[in-house]
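Every chain is numbered from 1, with letters handed out A, B, ... down the list of sequences. Treat the numbers as computed from the prediction; the structure is a model and nothing was measured.
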There are 2 protein chains.
Amino acid sequence: MTVPRRRPAPDQPTIADVARHAGVAVSTVSYVLSGKRAISEVTRNRVLASIRLLGYHPNAGARALASRRANVIALVLPLRAGMQVPVVMQFAMAVVTTARRFDHDVLLVTSDEGPAGLRRVAASALVDGVLVMDVELDDPRVPLLRELTRPSVLIGLPADATGLTCVDLDFHRAGRACVEHLAELGHRRIALLGAPAAVYDRGTGFAHRTRAGVVEAATWHNVEPVTLPCEEGAAAVRRTLADLLDRHPDLSGLVVQNEAAVDPVLATLPALGRRVPQDVSVVAVCPDQFAEQASPMLTSVPVPAEEIGTQAVSLLMRKLRDESVPEVTLLEPRLTVRDSTAAPTRAAGSRR
Amino acid sequence: MTVPRRRPAPDQPTIADVARHAGVAVSTVSYVLSGKRAISEVTRNRVLASIRLLGYHPNAGARALASRRANVIALVLPLRAGMQVPVVMQFAMAVVTTARRFDHDVLLVTSDEGPAGLRRVAASALVDGVLVMDVELDDPRVPLLRELTRPSVLIGLPADATGLTCVDLDFHRAGRACVEHLAELGHRRIALLGAPAAVYDRGTGFAHRTRAGVVEAATWHNVEPVTLPCEEGAAAVRRTLADLLDRHPDLSGLVVQNEAAVDPVLATLPALGRRVPQDVSVVAVCPDQFAEQASPMLTSVPVPAEEIGTQAVSLLMRKLRDESVPEVTLLEPRLTVRDSTAAPTRAAGSRR
DNA sequence: ACGGCGCGTCGAAGCGCTTCGACGACCGTC
DNA sequence: GACGGTCGTCGAAGCGCTTCGACGCGCCGT
């Protein structure tokens, strides 16, 4: 057992200690730190020297109290099933990193605390603003966000974005892009292997929007779209896929928007006698890293988690400065062609 | 464009408003909230009613300043390559949930801010304590943690744990358990397919400890252990595995401690002519969820991320209360037998 | 020579809360 | 019936910082 010997309180130096040591007023030290008033070069240097020498760090609580700014933002993360864990993680990291660049810290809030959690951190002035991930089309938190005294930015797109600020990948165009790529290669029977059913049921925006994009593009290109949800886990994928090919033997183009399903899909297709890309072309909506590790390397539309995170934080910072920002920011999807798509071969096309 | 109309400052009610409304002193309200002094039933109820009516939420900054407790802990998360993302996530969620039960919030700090980040949040009194994940055997943050004024708990086990508080799965015993299970089934040639080489190079504790446990148990059981790192990505796994089977055709037991490698391994083995479990038995160190989704379902030792997270927070809370805690808490591994292990068949055993 | 204007600095008033000592009221005790 | 103890409440003193108004000084224009 260790006795957690908190040392005998050497007690952090306060701004008063710094002021005394530098021979100036407390307010002068404060202004040196904030730059909100002009301070002569010589005084500034003296103060900075004292700060360094004493190892002074401003007390966050006191600062927050006096300035009414905590310099902390809340990040509300989902912890539900069917989430694309690595994307969420990547996203969270981008948020933290960007927030730090704006001299802010990030408080982690789980969505299972629900709206109450949001209200708590906002009302207690623990945070200056809120970033909400995994927004559903009809999200119960949205009304709350609208009436919150603190600014917020949503990742994802609720049904009604009025009065909000939202950032997301343009999944609709992403879905279209996938289908267009396949259609242009000459595929005529295309399927979307989507997110787990629960995700659609929950009304999660990105899943619905992708599907809509897929259907729309397919219709334009006079292609028959089949869309169906897909659970996680290799076994589930295999089942879904076998079933799909059974019902549509002429299927030659596959759009996969379920990160977890990508590897199983690539493993299962050959087992079902379909080579990629000779017999079936596969486009995935998944992180680049993933697409490049797969074999064959996947043609894909990456979810730019990092960019979304950075954008979201930047927008929030602007709102904190009382600047005006657009209600909806949709990031343009970029489709990267790799080795998993090709024109359909005669054989595949003519499969009964 | 939305003009982010911050409404005309309805200004949160303060404790003084509550006191006035309830007809008591400010301090009385405070005591009702903290329970640190006896308050009569009738007064308490009057105060609580006012609080609810006014929608009062104590100001976190003011509270932190006056009480010298922020009620926030820092969680330092890795964002490096080779990490087991879902485990980290699961862990983070457990930490947040548990912290909330202790009425604390969680500040997310990335390890790429390095020791400086730690020092910053600790010195500014932004947080009361620190949770550090992904601790390496010889971690540069360890000395800093030792001299920090605030308590900390490490997830993982550095080379020298003196004066620290550490929680982790007992990976050494986990490695042993895997090998013992295989050895007891009768396997005589066993391999560990480990983490990416970079993880070992970095001196990450769990990888080294698992390997040590595997080797130790193998020696005891008079089994020849082969251990080798394994990169992520299906292609890399296939290569490593093919190579392994080439060099040791008599291999019949496989321990996999690389979450990302599990699915590829299961996909590759049949392709190389080895059925699971008839020809090769596979034990994985991975989340249960993962093991159950695989096919065949995997015999596994789960990393109890949730339990570790909960433990870590509890320990930190005890340290915050100045209670004494053990330096090292190792959680006992539990091996769950599923469908991926079996006694070796004659054929497999006699393979050239 | 004088008023006016910046610039650099200071002092003091909070920010909203916790906590400590004080103080009546009321109880039981010898 | 005076005394010590609890119990419940109050008032005030901070916690460490930001910010506002004030002030002295040197410099400009006239």
Tell me, which pairs form a side-chain hydrogen bond (donor to acceptor under 3.5 Å, both in side chains) where one or both residues lie in residues 17-29 of chain B, sequence neighbours left out? B:Asp17-B:Arg20, B:His21-B:Ser50
For A:Leu316 against A:Pro151, the heavy-atom pair lying closest together: CD1-O, 3.7 Å
Check B:Cys166 against B:Gly156 and note the closest heavy-atom contact, atom names and distance. CB-O, 3.4 Å
Side-chain ion pair, [X] and [Y], N-O less than 4.0 Å:
X: B:Arg119; Y: B:Glu113; answer: no
X: A:Arg100; Y: A:Asp105; answer: yes
X: A:Asp160; Y: A:Arg146; answer: yes

In whole angstroms, how far is the [atom2] atom of [N] from the [atom1] atom of [X]?
X: A:Leu65; N: C:dG16; atom1: CG; atom2: P; answer: 7 Å
X: B:Gln12; N: C:dC15; atom1: CD; atom2: P; answer: 15 Å
X: A:Leu126; N: C:dC17; atom1: CG; atom2: P; answer: 13 Å
X: A:Arg68; N: C:dG14; atom1: CZ; atom2: P; answer: 13 Å
X: B:Asn71; N: C:dC17; atom1: CG; atom2: P; answer: 14 Å
X: B:Asp17; N: C:dG16; atom1: CG; atom2: C1'; answer: 10 Å
X: A:Glu41; N: C:dG8; atom1: CD; atom2: P; answer: 10 Å
X: B:Arg20; N: C:dG16; atom1: CZ; atom2: P; answer: 11 Å

Contact state string [nucleotides 19-28 of chain D, B base, S sugar-phosphate only, - no protein heavy atom under 4.0 Å]: BBBB------
Residues of residues 44-59 of chain B with any non-hydrogen atom less than 4.0 angstrom from an atom of DNA chain D: list those, numerically ordered, please. none
Identify, with sequence neighbours excluded, every residue that meets side-chain hydrogen bond (donor to acceptor under 3.5 Å, both in side chains) alongside B:Asn45. none
List the residues meeting side-chain hydrogen bond (donor to acceptor under 3.5 Å, both in side chains) with A:Thr43, not counting sequence neighbours, and say none if there are none. A:Ser40
So does A:Arg63 get a side-chain nitrogen or oxygen closer than 4.0 Å to the phosphate oxygens (OP1/OP2) of D:dT18? yes
Of all the choices, C:dG8, D:dG8, D:dG16, which nucleotide is nearest to the side chain of A:Thr14 once you look at every atom? D:dG16
Could you pull out all donor-acceptor pairs under 3.5 Å where a side-chain atom in residues 29-39 of chain A meets a protein atom, sequence neighbours excluded?
unit_1: A:Ser34; atom_1: OG; unit_2: A:Ser30; atom_2: O; d: 3.3
unit_1: A:Ser34; atom_1: OG; unit_2: A:Lys36; atom_2: N; d: 3.3

